[in-house]
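This report refers to the structure that appears directly beneath it.
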Amino acid sequence: MRPKEPEWTPSKESLDPGGPAPAERPRELRRIVGLFRPYRGRLAVVGLLVAASSLVGVASPFLLKAILDIAIPQGRTGLLSLLALGMIVTAVVTSVFGVLQTLISTTVGQRVMHDLRTAVYAQLQRMPLAFFTRTRTGEVQSRIANDIGGMQATVTSTATSLVSNATAVIASVVAMLALDWRLTIVSLLLLPVFVWISRRVGRERKRITAQRQRQMATMAATVTESLSVSGILLGRTMGRADSLTKSFAEESEQLVDLEVRSSMAGRWRMSTIGIVMAAMPALIYWAAGMAMQTGAPSLSVGTLVAFVSLQQGLFRPAVSLLSTGVQIQTSLALFARIFEYLDLPVDITEREDPVRLDRAKGEVRLEDVHFEYDAKSGPTLTGIDITVPAGGSLAVVGPTGSGKSTLSYLVPRLYDVTGGRVALDGVDVRDLDFDSLARSIGVVSQETYLFHASVADNLRFAKPDATDEEIVEAARAAQIHEHIASLPDGYDTLVGERGYRFSGGEKQRLAIARTILRDPPVLILDEATSALDTRTEHAVQRAIDNLSQGRTTITIAHRLSTVRDADQIVVLDGGRIAERGTHEELLEADGRYAALVRRDRETALKPETALKAELALKAELALKPGGLAPENLTSDGLKPGGFKPEALRGAGPTPVNV
């Protein structure tokens, strides 16, 4: 087995429900503000609209004062009509400005969210393979979908809300001071208390939001794993469907509790603020009446009504500002989770001045290569020196855990060596640009991945501009065209989730066709025929043999039947090269390779294995004219003893032909 890689763990800030330390918050806030910098022109327009809307809105109470104190008492109907029309125009202009600022601010917010989603996705595309082997898929999906989606309201409306409400508060305070400074002071006395309450509520909601998002990520991972095709098959065949449902229900129950706590956090305190503000007009009327009783200068009815109207115009944006502050603190937990992914170190990067290969010849060299997944786990490969000439073939064999697949990961630079170097045409792969490396090396692994799309779309993933003729040609070379053509929808057939509409062998051949279409000079076959039955293996092996002509081929094999014709066979043991040579040379040396061959032969000749091979031989003979001769058959199949392993010689490599 491969040495265990260290598990990825969230940052300290992500684990701490309170988020980043106070010293980090200004930097984090500056980083959030930086997200809006590309759209500062549009935001400036929003600011102008907001300021204009706030100023126009403040005019309405003064028009009302003039109506109550001048137009109505003096019976000036012309002035009354003009002032009333002014109030209507004010409402219309304010509404138009509001619609425009909402349009622009929402567009800016959605663009910021798009930038965040794209940045996170691009960052994940650059992450090394090791990151994905130790991170749950649902966790990654939750960061992109739930975390970024959760900050939508903040990103789309916060900037507008801040400017709008701040402008409205300032304009209202100035207008209130102009009407009566004493009542203004009374109105503002409780604002510091309200700010203190909102800050406490914001911290509490931020802590709960961090817990809620982690729980949502856990649920997303559970859904991804258990409701995939593989998960459903495993759950049903193991009789664990009810257990999985119960486990999901428990996780959902935890999310219910967190959602309720998030909604109710500080709700009573914020309601208290609302009650006090709703009662303020009564307090103002009382204060004005008491002032008149004590002989203070009296206020006109118009002034008092206008002041109360302005006071409401003050409190509404003030409460909105407090709510926006709470919302920002809550969103900081989401931003922290997003920034955590954006700040992940990228181990495999492209040089600033990389080497570009138009068409590689295909010489692969591993020079004193050392590799370890983690310092604690020890070296996986040590002192590997291998040269594969352009157009040559190399087979790498060895027991499980000897480092075969790891070696195949180093050539296309899925991992970087920790010592020595891997070179393609004499150029260190770390010096090549990513495009050249991807064009030059094709990989067909044991784990075949197909998208939930048509057969043609899956094949075109390797070459988007491939013609239909090229696709058919590649499928023919991979011995899969006849099967595809027999399907009702042909190449438009949906392969299903992870290709589950196709058998393992068919998926493997589709993967091979995809690699053929890409036409790389170097082929890496990592157990590429391990999932195939004997008949299919013969067909695919012939296709691979034809494809390998003039190409460099590196085969990672467990079934030795696929490697006997390689130019060079390397036997790995414990991460080191134990033997190397041709098939005949290694058999003659009677070392580890010969022992592996004998083990395979003994396994192949077990009764149950022989039965499978007998059926395979019957299928092989059926393909040949006269292959099923009467002297070899009974009513039940082959005659007892009719199967001989050597009968398969010349028909292509098989598990028993070693």
Side-chain angles (χ1 to χ4, degrees), residues 42-106 157 160-188 191 274 277-293 296-321:
R42 299 184 191 181
L43 291 177
V45 174
V46 171
L48 292 175
L49 289 172
V50 167
S53 178
S54 299
L55 293 176
V56 172
V58 169
S60 187
F62 286 95
L63 296 174
L64 179 61
K65 177 180 180 299
I67 289 174
L68 295 176
D69 287 347
I70 301 174
I72 294 178
Q74 298 179 10
R76 299 171 61 178
T77 55
L79 179 61
L80 176 63
S81 300
L82 186 62
L83 292 172
L85 179 62
M87 293 184 69
I88 295 173
V89 171
T90 298
V92 172
V93 171
T94 302
S95 298
V96 171
F97 284 171
V99 171
L100 292 176
Q101 72 189 40
T102 299
L103 172 63
I104 298 174
S105 62
T106 301
S157 62
T160 303
S161 180
L162 284 174
V163 176
S164 175
N165 292 318
T167 305
V169 167
I170 294 172
S172 297
V173 170
V174 171
M176 288 166 64
L177 287 171
L179 289 175
D180 192 282
W181 64 270
R182 293 163 298 178
L183 293 180
T184 302
I185 292 175
V186 173
S187 300
L188 299 178
L191 279 182
M277 289 188 171
M280 285 301 291
L283 179 61
I284 294 299
Y285 290 138
W286 176 82
M290 294 300 294
M292 292 173 63
Q293 294 296 325
S298 61
L299 296 173
S300 68
V301 173
T303 299
L304 191 59
V305 172
F307 187 89
V308 171
S309 178
L310 284 170
Q311 185 190 61
Q312 294 302 303
L314 166 68
F315 286 159
R316 279 193 299 270
V319 171
S320 182
L321 273 177

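Residue numbers run from 1 in the order of the sequence given.
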Of the non-hydrogen atoms in [X] and [Y], which two are nearest, and what is the gap between them?
X	Y	result
A52	F97	CB-CE1, 3.6 Å
I67	A84	CD1-N, 4.1 Å
G86	L63	C-CD1, 3.6 Å

Please check this pair: side chain of S95 against backbone of A91, looking for a donor-acceptor N/O pair closer than 3.5 Å.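 Yes; at least one donor-acceptor contact below 3.5 Å.
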
Ignoring hydrogens and geometry, is there a side-chain-to-backbone donor-acceptor pair from S105 to T102 under 3.5 Å? yes

Side-chain touch Q74/L79, heavy atoms, less than 4.5 angstrom: no

Given side chains that start at C-beta, do those of L49 and I104 come closer than 4.5 Å, heavy atoms only? yes

Working to the nearest 0.5 Å, report the span between CG of L48 and CG of L100.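 If I round to the nearest 0.5 Å, the distance is 12.5 Å.
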
Measuring from R76:CZ to I70:CD1, what's the distance to the nearest 0.5 Å?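 Here the interatomic distance stands at 7.0 Å.
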
Consider side chain to side chain contact (heavy atoms under 4.5 Å, CB included). Of V89, T90, V96, which one does V56 pass it with?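 By the side chain to side chain contact (heavy atoms under 4.5 Å, CB included) criterion, V56 pairs with just one of V89, T90, V96: T90.
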
